[in-house]
Undergrad: 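I have a structure I would like to understand better, so I am pasting it below and will then ask my questions one at a time.
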Amino acid sequence: MVIAAVGKNGTGKDFFLEYLAKTYDLPMISIGDVARELATKDGLDHSRDSLHATSQKYMSAHGQDFFPAQICEKIKESGAPRYLVSGIRPPSDVQVLKDAFGEDFILVDVVISDDEVRYARMAARGRASDNVDNDTFRRLDAEEERIFKTSESEKMANVVIKNDGTAEDFYAAADGFFKEYVG
């Protein structure tokens with residue numbers, strides 16, 4: 001079984017997956033892991049510019065589906081019965097995983113209903129990239145949607161988990177998801 005998460009920036013997608021990984025001892029991989037591995041192979045550092053150049057190089061040479069296809073290959077090679085995937089954005093990423101794993105693929109849409117709450121949580125997590133004003137936050141959301149069509153990926157989800165409450169509420173929702181869908 002392969003579980004991936006989608007959603008807008010700051011909704012808690014990685015928080016959800018990292019919680020499952022830690023709590024249930026599950027392996028996890030991200031699109032970024034593959035990009036970093038290839039950058040290292042090509043003798044590049046892991047700066048944003050190097051990773052962007054690496055992504056462009058491999059997608060230009062092998063197509064838009066290159067990175068999710070690499071993820072599928074790594075998961076299959078691992079032989080692990082369960083795997084978590086982060087960094088999924090466009091619908092094409094979702095489709096590659098669905099095609100590879102069929103009914104053993106579950107896509108979870110992590111949602112925060114109020115953008116002001118999402119904005120406040122992003123600001124509180126302290127990442128330099130999150131230190132933006134409200135107008136920039138909205139512009140970045142629109143840009144992410146334009147580039148990746150994340151709302152279309154969210155529509156492909158099997159499950160929606162809301163992250164509107166406390167961390168404890170979210171942990172309980174993650175545990176409930178695991179019990180219902182994974183066992």
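Throughout, numbering of the chain's residues begins at 1 and tracks the sequence.
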Undergrad: Can Lys76 be said to sit on top of Phe101's aromatic six-ring, NZ or CZ under 6.0 Å from centre and within 45° of the ring axis?
TA: yes
Undergrad: So, applying side chain to side chain donor-acceptor pair (under 3.5 Å) with Arg118, which one of Asp141, Thr11, Asn163 is it?
TA: Asp141
Undergrad: To the nearest 0.5 Å, how far apart are SG in Cys72 and CD1 in Ile29?
TA: 10.0 Å
Undergrad: Just checking Tyr171 against Phe15, ring centres under 6.0 Å apart?
TA: yes
Undergrad: After noting the C-alpha distance and the side-chain angles of Arg36 and Leu51, does the key distance pass the side-chain contact (heavy atoms from CB on, under 4.5 Å) rule?
TA: CA-CA 7 Å; Arg36 283 184 286 281; Leu51 293 175; 3.7 Å; yes
Undergrad: Heavy-atom distance under 4.5 Å between the side chains of Ile106 and Val2, does that happen here?
TA: no
Undergrad: Membership question, hydrophobic clusters at under 4.5 Å side-chain separation (ILVMFWY): are Tyr83 and Val34 in the same one?
TA: yes
Undergrad: When you check the side-chain N and O atoms of Glu144 and Thr150, is any donor under 3.5 Å from an acceptor?
TA: no
Undergrad: State, with a plain yes or no, whether a side-chain heavy atom of Leu84 is found less than 4.5 Å away from one of Tyr24.
TA: no
Undergrad: According to a hydrophobic-cluster definition based on side-chain heavy atoms being under 4.5 Å apart (Ile, Leu, Val, Met, Phe, Trp, Tyr only), do Phe178 and Phe170 belong together?
TA: yes
Undergrad: How long is the straight-line distance from CG of Leu20 back to CE of Met28, given to the nearest 0.5 Å?
TA: 9.5 Å
Undergrad: Any chance you could lay out the side-chain contact (heavy atoms from CB on, under 4.5 Å) test for Ile112 and Asp164, step after step, and finish with the verdict?
TA: CA-CA 5 Å; Ile112 293 178; Asp164 291 331; 3.8 Å; yes
Undergrad: Rounded to the nearest 0.5 Å, what separates atom CE in Met1 from atom CD1 in Ile75?
TA: 12.5 Å
Undergrad: Please give me the minimum heavy-atom distance between Met122 and Asn9, naming the atom from each residue.
TA: SD-O, 3.5 Å
Undergrad: Quick one: are Phe148 and Asp93 in side-chain contact, heavy atoms under 4.5 Å?
TA: no
Undergrad: Can you measure from NZ (Lys57) to NE2 (His52) and round to the nearest 0.5 angstrom?
TA: 14.5 Å
Undergrad: Minimum heavy-atom separation for Leu17 to Val85, with atom names?
TA: CD1-O, 3.2 Å
Undergrad: Pairs in or reaching into residues 174-183: which pass salt bridge (charged side-chain N to carboxylate O under 4.0 Å, His left out), with residues at least two apart or in two chains?
TA: none
Undergrad: Do you know which two heavy atoms are closest between Lys41 and Tyr58, and how far apart they sit?
TA: NZ-OH, 4.3 Å
Undergrad: Are Asp169 and Lys162 side-chain neighbours, meaning at least one heavy-atom pair lies under 4.5 Å?
TA: no
Undergrad: Give a yes or no on whether the ring-centroid distance for Phe16 and Phe177 is below 6.0 angstrom.
TA: yes
Undergrad: For Phe67 and Thr54, which heavy atoms make the closest approach, and how far apart are they?
TA: CZ-O, 4.4 Å
Undergrad: Take Lys8 and Asp115, measure what side-chain contact (heavy atoms from CB on, under 4.5 Å) needs, and give me the verdict at the end.
TA: CA-CA 10 Å; Lys8 289 183 177 181; Asp115 282 343; 4.1 Å; yes
Undergrad: Distance from Asp42 atom CG to Glu37 atom CD, nearest 0.5 Å?
TA: 11.0 Å
Undergrad: Any salt bridge between Arg139 and Glu143, counting N to O under 4.0 Å?
TA: yes
Undergrad: Give me the atom names and distance for the closest heavy-atom approach of Leu97 to Ile71.
TA: CD2-CG2, 4.4 Å
Undergrad: Within a 6.0 Å radius of atom CD on Glu77, are there more than 12 heavy atoms belonging to other residues, nucleotides or ligands?
TA: yes
Undergrad: I need the Glu145 CD to Leu140 CG distance, nearest 0.5 Å.
TA: 13.5 Å
Undergrad: Val111 and Val117: same hydrophobic cluster, using ILVMFWY side-chain contacts below 4.5 Å?
TA: no
Undergrad: May I have the step-by-step check of side-chain contact (heavy atoms from CB on, under 4.5 Å) for Val160 and Glu154, ending in yes or no?
TA: CA-CA 9 Å; Val160 174; Glu154 289 179 274; over 6 Å; no
Undergrad: Do Val94 and Phe105 have side chains that approach each other closer than 4.5 Å (heavy atoms only, starting at C-beta)?
TA: yes
Undergrad: For residues Met59 and Gln56, determine if any side-chain heavy atom of one lies less than 4.5 Å from a side-chain heavy atom of the other.
TA: yes
Undergrad: Charged N to carboxylate O below 4.0 Å: is that the case for Lys74 and Asp33?
TA: no
Undergrad: Closest heavy-atom contact between Ala173 and Ile161?
TA: CB-CG2, 3.8 Å
Undergrad: May I ask you to check whether Asp45 and Ser47 show a side-chain donor-acceptor distance below 3.5 Å?
TA: yes
Undergrad: If we only count heavy atoms from C-beta on, is the Ile88 to Lys13 side-chain gap below 4.5 Å?
TA: no
